[in-house]
Structures are given as C-alpha cells and as structure tokens.
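Report on one structure; see the data block that follows.
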Number of protein chains: 2
Amino acid sequence: MINNIILGDCLDKMRSIEEGSIDLIYLDPPFFTERKHTLKNRERTKEFSFDDTWGSDKSYAQFLKERIELMKPLLKEEGSIFVHCDKSGEHIVRAILDNVFGSDNFQSEIIWSYKRWSNSKKGLLPSHQNIYFYSKSKFFKFNTIYTSYSETTNIDQILQRRTRDEHNKSVYDLDVDGNFKPADKKKGVPLSDVWDIPYLNPKAKERVGYPTQKPLLLLERIIKLVTNEGDIVLDPFCGSGTTCVAAILLGRKYIGIDKSHEAVKLSISRIEKPIKTESNLLKKGRSSYFNVDKTALGLLSGVEFNPVQRNKGIDAILIEQFENGPVLVKVQKDHESIEEAASLLAKAMKTKKSKKSFLIQTRLNSSLFNNVPDFDGMIILESPALQIKRTNKVLHSDNFSGELDR
Amino acid sequence: MINNIILGDCLDKMRSIEEGSIDLIYLDPPFFTERKHTLKNRERTKEFSFDDTWGSDKSYAQFLKERIELMKPLLKEEGSIFVHCDKSGEHIVRAILDNVFGSDNFQSEIIWSYKRWSNSKKGLLPSHQNIYFYSKSKFFKFNTIYTSYSETTNIDQILQRRTRDEHNKSVYDLDVDGNFKPADKKKGVPLSDVWDIPYLNPKAKERVGYPTQKPLLLLERIIKLVTNEGDIVLDPFCGSGTTCVAAILLGRKYIGIDKSHEAVKLSISRIEKPIKTESNLLKKGRSSYFNVDKTALGLLSGVEFNPVQRNKGIDAILIEQFENGPVLVKVQKDHESIEEAASLLAKAMKTKKSKKSFLIQTRLNSSLFNNVPDFDGMIILESPALQIKRTNKVLHSDNFSGELDR
DNA sequence: CGTCTGCTTGAATCGCACC
DNA sequence: GGGTGCGATTCAAGCAGAC
C-alpha cells in the first residue's frame, strides 16, 4: 500500500488503508467547473482528461462528502487535511469540511496566488485558487516556516522603519533622499496564508501535459508545514503525481490513488525519475528583474507608459503608438555618455520598428565639441536637473568648478 | 436620502430607497468571528440544500439574508454588489448571494491581501479578507483597470504581432521582407482578483467597537471598477464612513446607513471635514503603495539639494546658493494650476529672500490664454513627461487620459 | 443548448549569438 | 569560452462564437 500509486476510485481503495496511519491528506478533486478538461503532452502523443461536469451542486457535494467522510478516520490524531478548490466550489467544500471535521478544526484558508496570461473577459482576471486546511484535532503537527526577506514578496514595505511625527502619529521613517530606513533585523516573518507561487510555466520542463498540474513547490510547502521525515502523505486524486514526487523529494512516504489508468502510468513514470525545475523567478526573486531605475520612471510620471525591464536601449514604451509603431523612451544613465545612449536607443528603434523616440538627457555633455548624433525620429529632452544645471552655468559663469554630481 | 448618512437598521431604512436607483452596493457586515463556533452542528439532513444550510446559525444567516434580499431590487439592471467578509463566514455569505443573485451573476472572489505583523500563533498568519462581487444582471457596468506587466514579461517583444503556422504553432508574423509586423496598442494587464493593498490603520482609537476600517484605496478601486461619475453608491453598514468618503472624492453620490449613533456621527464628521484632509489621506495611501511620492525629488536627481518637507511653496533648496540667497525648487502638483504653483513659490521666495527659483511644470496649461505670471528670478522648466506630452500633441493632438494604475 | 473549433496574449523559460 | 543580453518559443482547470 505504502509508496504505491493505486488505480481505482478512492471511495473503494481508501477502505483498505489502515485507520490512524496517515499524517497528511492532500486532495485536488474536480473543482465543480462544469466542464471537461483535456490536455495533451508535449509530444502530442498522449491525451489526459477528466470530466468535471455535475449538473447540480448536490451531486458534486454528495460525491465529495462520501469520500471526505472516509478520509477522516485514516488520519492520525495529529494529522491534517488540505483540500484544493477554486471559487466555483469553495463554499460547498467548506461546508462539507466544517461538517466532517468540525469548524473548530478549521485552521486556514490558503490563497494560492499567481500571475497568468490574460484574456479579454469582462471582469477581473482570475488568478488565485483556494486551499482549505483542517486538522483532525487541536493536537495537529505544525512546523512554523519563516519566510526570508529575500523572497519574491514585496518585502521592503514590511521592513520600513516607523517613527512618530510631531503629532505623535506613526509614519514611515524617511532619510534625506526620501528612502525608507530599514527596520531592525528580525528572525523572519511567519508564513502568511497568501502564497505567491508562480504558475507552472508553459516552457517549464516540469510540465508533463496533465491538466491542472500543480507546481512542486506548492506541494513541498504543504508537506513541510505539517509533516516530518518518514511521515505518510495520501493523495486520493493524485493525477500527474505531483504530491507523491514532492513527498519523495522531501523524504516522506506516499500513497497515491487515481481512477484514470493514464494518470497512474504518468505518476509512476514521474516517480521513477523525479524532475524538479529550478525556477529562475523563485531562485533569484522578482526584484532581480528590475533593471529600470526608479528615478528613470519618475521622470515620466504623467504620461502612460509600460516600463521595459530587459532591454538596455529602452526604459519605457509609451502606451500611445505613433504611426503604428511603438514610441520608445530612454533615460541617459550615469555611466553613459549621451552619444552612447543615443546609439543604443537608435539600435532599439531599428529592431522595434519605432518611428519616434525620446531620449532624456540627464548630464551635461562631457566634451564641448561633441555633436550629439542626429537620429531620425529621436527627440532629445533635458531632465529638470540638467536644465537647472545648465541655467546655473549661464547665470554665474564665474563658477566652472564642475558638475554638481551627487 | 441621497448624500446622507442615515441612522437606523438598514432593514428598515432601505425600504425608503427608490427601487432601481443604485449603481453599487458595498457592504461590510459584522463578521461575527467570535461566534463562528455556532456554525457547527449542522443538521445532516439539510446540509446541502443551500437555501437553509445555515440551519443552526439561523440568526446570522437570517440576519444577512433578509437584508441582502432587500438590496437586490434597489440596484439598477447594470448595478453590482460587493460583500466583504472573511474566512469565518465566507461560505454562508457565498451561499446567500448565490441564492439571492443567482450563481450566474457571480463575477469574482476578490482577495484583499495585506501584510501584518505576526503574533506567534500556531498556524499560518491570516493576512487576507474576501470580497464577493455579484452583478444584478449580465449587463453590469464594468470599467477595466489596467496594471503593469510583470517584471519577467518581455514587454518589448510582445509588441511583435504573432500568428499561427501550419502546425498551429505560435510564430512571429512577418511580412515579405522578413520584418515583423507591429502589434496593436498594448494597454497593460487587466486587474487581477488578488489585490495587494496595505492595511493602513491610521485611526485605531476610533475603531473601537466597529468592524475594521477599510483603506480608502480599497473602496476607491471598487467604486472606480463598476461606477461612473454621478452614480449612486449605497453602504448599508457604513461604519466609519470610508465608502461615502471615497464616493465623494471620486465624484459619486452616496447613501450611508448605520444603526450605531456613534458611527453615524463619525461618518458625518469625516464627510464634513474639509475634504482635503481625506484627500491627503488618499494620496498618502496611494503613495505609500505606489511610491510615487518620490517623483518630485526624482525629477531633481543629478543636482545637489535638500528636500523641504512641510512647505507648500517649496520642494527643495539647492545646496548651491545664488547671490547669497537660497535657490528654491518647486514641482507643480497634480491639483495645482501653474498659476497657483507660481504664486506659492513667489511667496516662498519673498520670505526666504531667494533671488532665483525653479518651478518644474508637470501638466499642460489648462487654459490656452492663460499667461503664467512672470515673477522676477523664477525660471519655469518642463518635466520630461510634459515635454513628451507637448511634443505628441503637436504631432497628433491625442489626449493622454492619465497614469497607468499601478 | 452542448460541443467543437478558432482566436488571443502574458509569463517565463529556452537557447543562440555576441562580447 | 563562459556569462549575459535579448530574440524565440510554448500553451493555458482560457474565452467567444459558430454550428
């Protein structure tokens, strides 16, 4: 039984699992989306599918309730259950769990939040799913996870030091540059119930072609939270087997059940050689993608633009187009001469088919005899600081001591 | 009725509101978090018929249901309702809304996520609340709000139009010369259903005995999403009046109801107070979130200056003096005309004995025939954004409506 | 009114060319 | 020849509209 993937309906198969033997049950049942889900693998050789049409909430509730009722006795006293669902069925799931496990044992509603491709739907872009965390008793096992400050979350806000202003009001403590002062070092923030974990990217090698495949990272976090090494994890709707793979990678035992033959085969093959892709985003953190200077964007406040993070020639692209081409904006950097900046921008204009661009000059020309190359469609503007510098130079020309660099 | 805060139970007071007159109802009813244990012991026989699932917690469900039933007729056909709750009552709220408005009119589960200082409790740190968004009909009003692209998005690349090749594979759309065709205007990413808005708690003392005061930013976003100027917003549990204040600030009409005398008094005082106070709060909320506070100083990056914090006339004083007097710098604010800004700066010049100052203009002149007063020693510079706007206006007299919401 | 086919588009990794 | 800049690629618990 243990460390196996079992073919069949969990309603039957769970009866042969020993009572009080399981530490964690994670289930990702059909979501009550009222549609059929199919997906092909990368080579388009196999098709995986499952049916999530029910007709009424009653039949869905019935289906789920009789299975969840079987799960409770399987758990140890200090065990927990995590049920994955989304907005279409959350209230039904919640009602069943309250009924079977008792509302006293409701621990958390976890929000898995992610970024996703968008579409032109009228309304808000759905970008989260819900996971309900119930314990069997109040003696549940729980390993507090502290999030490090270097993670993808917007940590600088937590770390802002606060002070009292003249009215004894709590405000953020700013230094002379208007930057936040960091707060004292803390041991970390206990994990919150909103989890920002990237969605399985279309290009990720981890992807196996099973619909609704969950990121390994999500399952690893759940498993770490409520189990220790050697504990047993049960997934009664194991699908592509992500839960079991995560359990193996973390040194836990597993039992997986699925009624689809294809799913069982896929799970077994994944277990034989577990692939975990290192997500660049997770490894490096969201902030590592920021190339664009905050001051550079500050210069543009008042026009609509999209910042560009990964192209040296451009800092922003205006929302408004010009002659069907993009309007590019670049801010001269401290380390760039105006000639260098202009030629980088000119190159970008060419590749992006841009017919108009703005270069914002931030420093005085280094050489008096330099001619800034005149590129077609490129308009050179001066930053306010530069205008001030230039005006100052003209007004009191006795002071040529140099630039007022900071 | 309109533009008033009404004392009384909304169950009675809503009966005097004209049917089909309201564009948006936002309610933040009591969560009854202390009494959530009364939700248990649901009768097994009735648990999945959602009309009376709340069997054993009749009082809360009954309380909410009879009020929400009164709300539906008040809405216009294109109106919407937003109901705020948290994990303790979400499934009850959801069931009532499904019942009264119909699951077809369920639009979104909005997750309001915020960061919080921890208390070391066993379990995950609760840091979100739920807002359910239902429309009265499928003809609901909806203003899409666009946000920035993810840092990891190759925004410069998605400007290239794509198509499908014969294998249904996505490729760039190239013309006969092998050059890519530019894509249509990119507006940004539609707002998602997870809203990361800081939980600001500026008035803790006044909140005693009330549901938590919501950030103005949250209400502002909801109101913008489903109403236009002049529309009517109803808050039947208005508490401290945040909804009404947000409505006023956005040019909407409001009706607030609360059965607490204290709450009504508080709401009225907030509304009567010079709107500027709340307006500042709104700005503060936004700036601590979006960090645009620093743009004024960012415009100056490259010259040496000291920022000036509490003076309407000046934002900075340059380190370099002019004729033994200080050189003042002011940035035109969103709410200031250039004439106002100039006269504020002129006044400051007088008191500070300044013989030279810079005014950085950030917005186009509102009137074509306005002459900016010519103050002695004041030099008016244009911000880069303004220069871009002006250049674009000359080239194609398009209108930039405002900043990207992010 | 299900079901099937076509149309989109952002996120994020892949991988080549170039210093 | 190894890092890295940036162009290429992939596909979605999608959406809309036809049939």
Side-chain angles (χ1 to χ4, degrees), chain A residues 28-44 48-53 55 84-90 112 114-123 125-130 152 196-215 237 239-240 242 277-284 286 288-289 291 306 308-314 344 347-348 350-352, chain B residues 138 146-165 167-174 178-180 183-190 192:
Chain A
D28 181 23
F31 283 3
F32 192 47
T33 52
E34 292 291 20
R35 60 153 65 87
K36 206 170 165 178
H37 299 274
T38 59
L39 200 61
K40 285 188 175 118
N41 69 354
R42 208 172 286 281
E43 297 78 30
R44 303 187 184 283
F48 302 101
S49 73
F50 66 88
D51 196 356
D52 188 17
T53 52
H84 201 125
C85 62
D86 79 353
K87 60 190 161 72
S88 32
E90 51 171 353
W112 171 34
Y114 45 83
K115 296 196 177 257
R116 238 202 17 179
W117 57 95
S118 69
N119 50 44
S120 49
K121 182 192 160 201
K122 180 181 177 184
L125 189 66
S127 44
H128 75 274
Q129 288 174 21
N130 312 54
T152 57
D196 189 5
I197 293 179
Y199 194 86
L200 212 49
N201 188 271
K203 288 282 279 184
K205 287 192 183 121
E206 191 180 314
R207 190 180 276 283
V208 293
Y210 193 84
T212 79
Q213 185 182 347
K214 302 294 177 294
F237 298 88
S240 59
T242 307
T277 44
E278 287 286 315
S279 158
N280 270 331
L281 172 58
L282 283 169
K283 206 164 54 190
K284 294 195 276 189
R286 206 163 274 285
S288 74
Y289 285 83
N291 294 332
N306 287 311
V308 177
Q309 301 289 359
R310 41 164 260 144
N311 192 313
K312 273 191 176 167
I314 328 169
L344 281 169
K347 207 171 126 192
K350 215 167 172 181
T351 54
K352 302 298 172 199
Chain B
K138 64 175 179 175
Y146 293 96
T147 59
S148 298
Y149 288 91
S150 161
E151 299 77 13
T152 57
T153 297
N154 309 331
I155 166 74
D156 51 327
Q157 273 188 265
I158 66 174
L159 290 167
Q160 302 173 27
R161 189 184 295 276
R162 284 175 295 177
T163 184
R164 298 276 175 181
D165 71 2
H167 305 300
N168 202 34
K169 215 177 69 171
S170 176
V171 290
Y172 289 125
D173 197 5
L174 304 176
N179 294 318
F180 72 80
D184 298 331
K185 176 173 160 177
K186 293 283 176 183
K187 289 181 295 238
V189 185
S192 99

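Just so it is clear, the values below take in all heavy atoms, side chains as well, and ignore hydrogens, waters and symmetry mates.
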Using a 4.0 Å heavy-atom cut-off, does [X] contact any base of the nucleic acid, only the sugar-phosphate backbone, or nothing at all?
| X | answer |
| --- | --- |
| A:K214 | base |
| B:K186 | sugar-phosphate |
| A:P29 | base |
| A:D28 | base |
| A:D86 | nothing |
| B:T152 | base |

Discussion item. Can you say whether a donor on the side chain of A:R207 sits under 3.5 Å from an acceptor on the base of C:dT13, or the other way round?
Written reply: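 Answer is no: no donor-acceptor pair is held.
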Worksheet item: Is there a donor and acceptor pair closer than 3.5 Å between the side chain of B:N154 and the base of C:dT13?
Response: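 Looking at the base of C:dT13, it does pair with a donor or acceptor on the side chain of B:N154 (distance under 3.5 Å).
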Taking [atom1] from [X] and [atom2] from [N], how many angstroms apart are they, rounded to a whole number?
| X | N | atom1 | atom2 | value |
| --- | --- | --- | --- | --- |
| B:L159 | D:dG7 | CG | P | 11 Å |
| B:F180 | D:dA8 | CZ | P | 9 Å |
| A:W117 | C:dT9 | CH2 | C1' | 10 Å |
| A:L125 | C:dG10 | CG | C1' | 9 Å |
| A:Y210 | D:dC11 | OH | P | 18 Å |
| A:I197 | C:dA11 | CD1 | C1' | 16 Å |
| B:E151 | C:dA12 | CD | P | 9 Å |
| A:N201 | C:dT9 | CG | P | 18 Å |

Worksheet item: A:R116 or A:K347: which one's nearest nucleotide on DNA chain C is closer to the 5' end?
Response: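 Checking each residue's closest nucleotide, the 5'-ward one belongs to A:R116.
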Practice prompt. Please step through side chain to side chain contact (heavy atoms under 4.5 Å, CB included) for the pair B:F180 and B:Q157, ending with a clear verdict.
Written response: CA-CA 11 Å; B:F180 72 80; B:Q157 273 188 265; over 6 Å; no
I'd like to know if the side chain of [X] and the backbone of [Y] have a donor-acceptor N/O pair within less than 3.5 Å.
| X | Y | result |
| --- | --- | --- |
| A:D52 | A:F31 | yes |
| A:K352 | A:K350 | no |
| A:D51 | A:T53 | yes |

What nucleotide among [options] has an atom nearest to a side-chain atom of [X]?
| X | options | value |
| --- | --- | --- |
| A:K312 | C:dT9, D:dG5, C:dA11 | D:dG5 |
| B:Q157 | C:dG10, D:dG7, C:dC14 | D:dG7 |
| A:R310 | D:dC6, C:dG10, D:dT10 | D:dC6 |

Practice prompt. Using the closest heavy atom to pick a nucleotide of DNA chain D for each, name whichever of A:T351 or A:P126 lands nearer the 5' end.
Written response: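 Nearest nucleotide further toward 5': that of A:T351.
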Worksheet item: Atom OG1 in B:T153, atom NZ in B:K186: separation rounded to 0.5 Å?
Response: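 Answer for the OG1-NZ pair, B:T153 versus B:K186, is 10.5 Å.
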Discussion item. Suppose we define a pair by two distances each less than 3.5 Å, Watson-Crick or G-U wobble; what does C:dC7 pair with here?
Written reply: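 Pairing partner, where one exists within any strand: D:dG14.
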Discussion item. Any side-chain N or O of A:K121 below 4.0 angstrom from OP1/OP2 of C:dT8?
Written reply: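 No.
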Practice prompt. Respond yes when some side-chain nitrogen or oxygen of A:K115 is under 4.0 Å from OP1 or OP2 of C:dA12, and no when none is.
Written response: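 No, outside the criterion.
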Item to complete: Identify the heavy atoms of A:T33 and A:S88 that sit nearest to each other, and give their distance.
Response: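 So the two residues come closest at CG2-OG, 4.0 Å.
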